[in-house]
Amino acid sequence: MEWLVGPFEVTFVQRALWGGVLVSVICALAGTWIVLRGMAFLGDAMSHGMLPGIAVASLLGGNLLVGAAVSAAVMAAGVGLVGRSPRLSQDTGIGLLFVGMLALGVIIVSGSESFAVDLTGFLFGDVLAVRAADLAYLGGALGVALLISVLGHRPFVALAFDERKAHTLGLRPRLAHTALLALLTLAIVASFHIVGTLLVFGLLIAPPATVLPWARRIPAVMAGAACLGSSATFLGLLLSWHLGTAAGATIAATAVLQFLLSTLTAGLHHRWTRSTATPTADRPHMEYGQPS
């Protein structure tokens with residue numbers, strides 16, 4: 001069993017594992033709502049939109065997390081403004097903001113005479129460089145994410161399934177949408193150091209999407225996504241250690257592989273269920289929203 005336990009006897013791998021577990025829980029809280037609302041493109045765009053802030057912070061010798069947070073906040077504010085335009089579809093606005101922020105980041109990097117900015121670290125992360133201070137930061141971020149999730153659970157549910165009903169119930173869907181953007185921003189900023197801006201999408205979207213075919217309740221989706229993200233972190237670090245591959249990329253690839261296996265299994269299970277089910281002609285067809 002040395003091949004299984006050996007890597008995690010090393011201190012920096014232990015910190016990487018704990019960092020990945022904390023990030024997995026944060027991403028599960030935010031990613032579940034993103035998947036339910038069909039906002040995956042928004043999550044991808046915001047993760048790339050952090051690049052200008054990270055690049056500026058690195059060039060000025062500042063804190064990369066602060067730079068990422070500022071850039072992500074600007075991106076979130078831009079998404080909120082674009083979403084209010086009646087003549088422009090949200091996807092179009094998000095796509096333009098995504099390209100604009102990414103282009104700005106590349107311009108800032110290319111304008112550096114020494115190219116001192118480490119693009120590889122920004123894009124793909126450096127999970128093995130997680131420090132004790134980073135774990136404390138991630139713990140604080142998890143506390144804030146839990147607070148937002150608990151306080152916003154009811155309006156988030158209404159917003160995910162029927163925005164007009166949320167407005168009718170007085171749940172203030174615009175405020176709920178802003179809070180959801182804040183939760184997404186927190187998850188992305190907390191995660192980029194672990195898997196990078198390009199691969200954070202894997203931990204944010206893949207685990208909730210993997211659990212969704214098997215769970216009927218939102219808390220169950222979140223719990224399952226947190227467990228799958230943590231297992232992807234463990235397996236990714238283990239494979240990375242033995243195969244000599246990039247740790248962040250291996251973690252993200254493991255999460256996507258879990259999704260593919262879940263989708264394949266769910267498809268086979270659905271086909272088998274349909275083939276073995278007894279036809280009942282007198283059984284009414286139930287649509288969403290009708291009483292059972």
Side-chain angles (χ1 to χ4, degrees), residues 4-32 43 46-47 50 53-54 57-58 61-73 118 120-150 182-208 222-241 245-255:
L4 182 63
V5 180
F8 299 98
E9 294 177 347
V10 181
T11 303
F12 67 84
V13 180
Q14 293 175 1
R15 288 198 296 263
L17 178 61
W18 280 111
V21 169
L22 290 172
V23 163
S24 296
V25 179
I26 297 171
C27 285
L29 295 173
T32 298
M46 288 190 63
S47 66
M50 293 191 303
I54 297 173
S58 180
N63 190 306
L64 298 185
L65 289 174
V66 174
V70 171
S71 191
D118 183 10
T120 302
F122 297 162
L123 298 178
F124 304 108
D126 191 3
V127 64
L128 297 179
V130 171
R131 301 165 299 177
D134 296 324
L135 294 179
Y137 158 76
L138 289 173
L142 176 57
V144 175
L146 283 170
L147 181 63
I148 296 175
S149 298
V150 171
L183 181 60
L184 174 60
T185 301
L186 176 65
I188 291 173
V189 172
S191 308
F192 93 92
H193 184 59
I194 303 296
V195 290
T197 58
L198 285 181
L199 301 175
V200 64
F201 192 64
L203 282 182
L204 187 67
I205 301 300
M222 290 180 174
C227 291
L228 283 176
S230 300
S231 67
T233 300
F234 177 84
L235 292 173
L237 289 171
L238 184 65
L239 291 172
S240 172
W241 177 274
T245 55
T250 308
I251 291 171
T254 303

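Between the OG atom of S24 and the CG atom of L228 there is a distance of 9.5 Å, given to the nearest 0.5 Å. Note: I148 CD1 to L29 CG = 9.5 Å, rounded to the nearest 0.5 Å. Rounding to the nearest 0.5 Å gives a distance of 10.0 Å between CG of L183 and CD1 of I188. Rounding to the nearest 0.5 Å gives a distance of 16.0 Å between CG of D134 and CH2 of W18.
Taking every heavy atom of both residues into account, S240 and A246 meet most closely at OG-C, 3.9 Å. Taking all atoms of both residues into account, the shortest heavy-atom contact from V21 to S230 is CG1-OG, 3.7 Å. When all heavy atoms of G202 and A255 are compared, the closest pair comes out as O-CB, 4.1 Å. The two residues A68 and I54 have their closest heavy-atom pair at CB-CG1, 3.8 Å. Considering every non-hydrogen atom in both A72 and V189, the closest pair reads CB-CG2, 3.9 Å. When all heavy atoms are compared, the tightest approach of A187 to A30 is CB-CB, 3.8 Å.
No side-chain donor-acceptor contact under 3.5 Å links T250 to the backbone of G236. For the pair T185 (side chain) and A73 (backbone), a donor-acceptor distance under 3.5 Å is absent.
Within the 4.5 Å cutoff, side-chain heavy atoms of V10 are placed close to those of W241. Looking only at side-chain heavy atoms (C-beta outward), L17 and F12 stay at 4.5 Å or farther from each other. The shortest distance between side-chain heavy atoms of L238 and F8 falls below 4.5 Å. When side chains are defined from C-beta on, L22 does not count as touching Y137, because their heavy atoms never get closer than 4.5 Å. When side chains are defined from C-beta on, L237 counts as touching L128, because their heavy atoms get closer than 4.5 Å. T11 has its side chain within reach of R15: a pair of non-hydrogen atoms, C-beta onward, lies under 4.5 Å apart. Residues S191 and L204 fail the side-chain proximity criterion, which asks for heavy atoms closer than 4.5 Å.
Each of L186, L147, I26 was evaluated against L142; a single residue qualifies, I26, per the side chain to side chain contact (heavy atoms under 4.5 Å, CB included) test.
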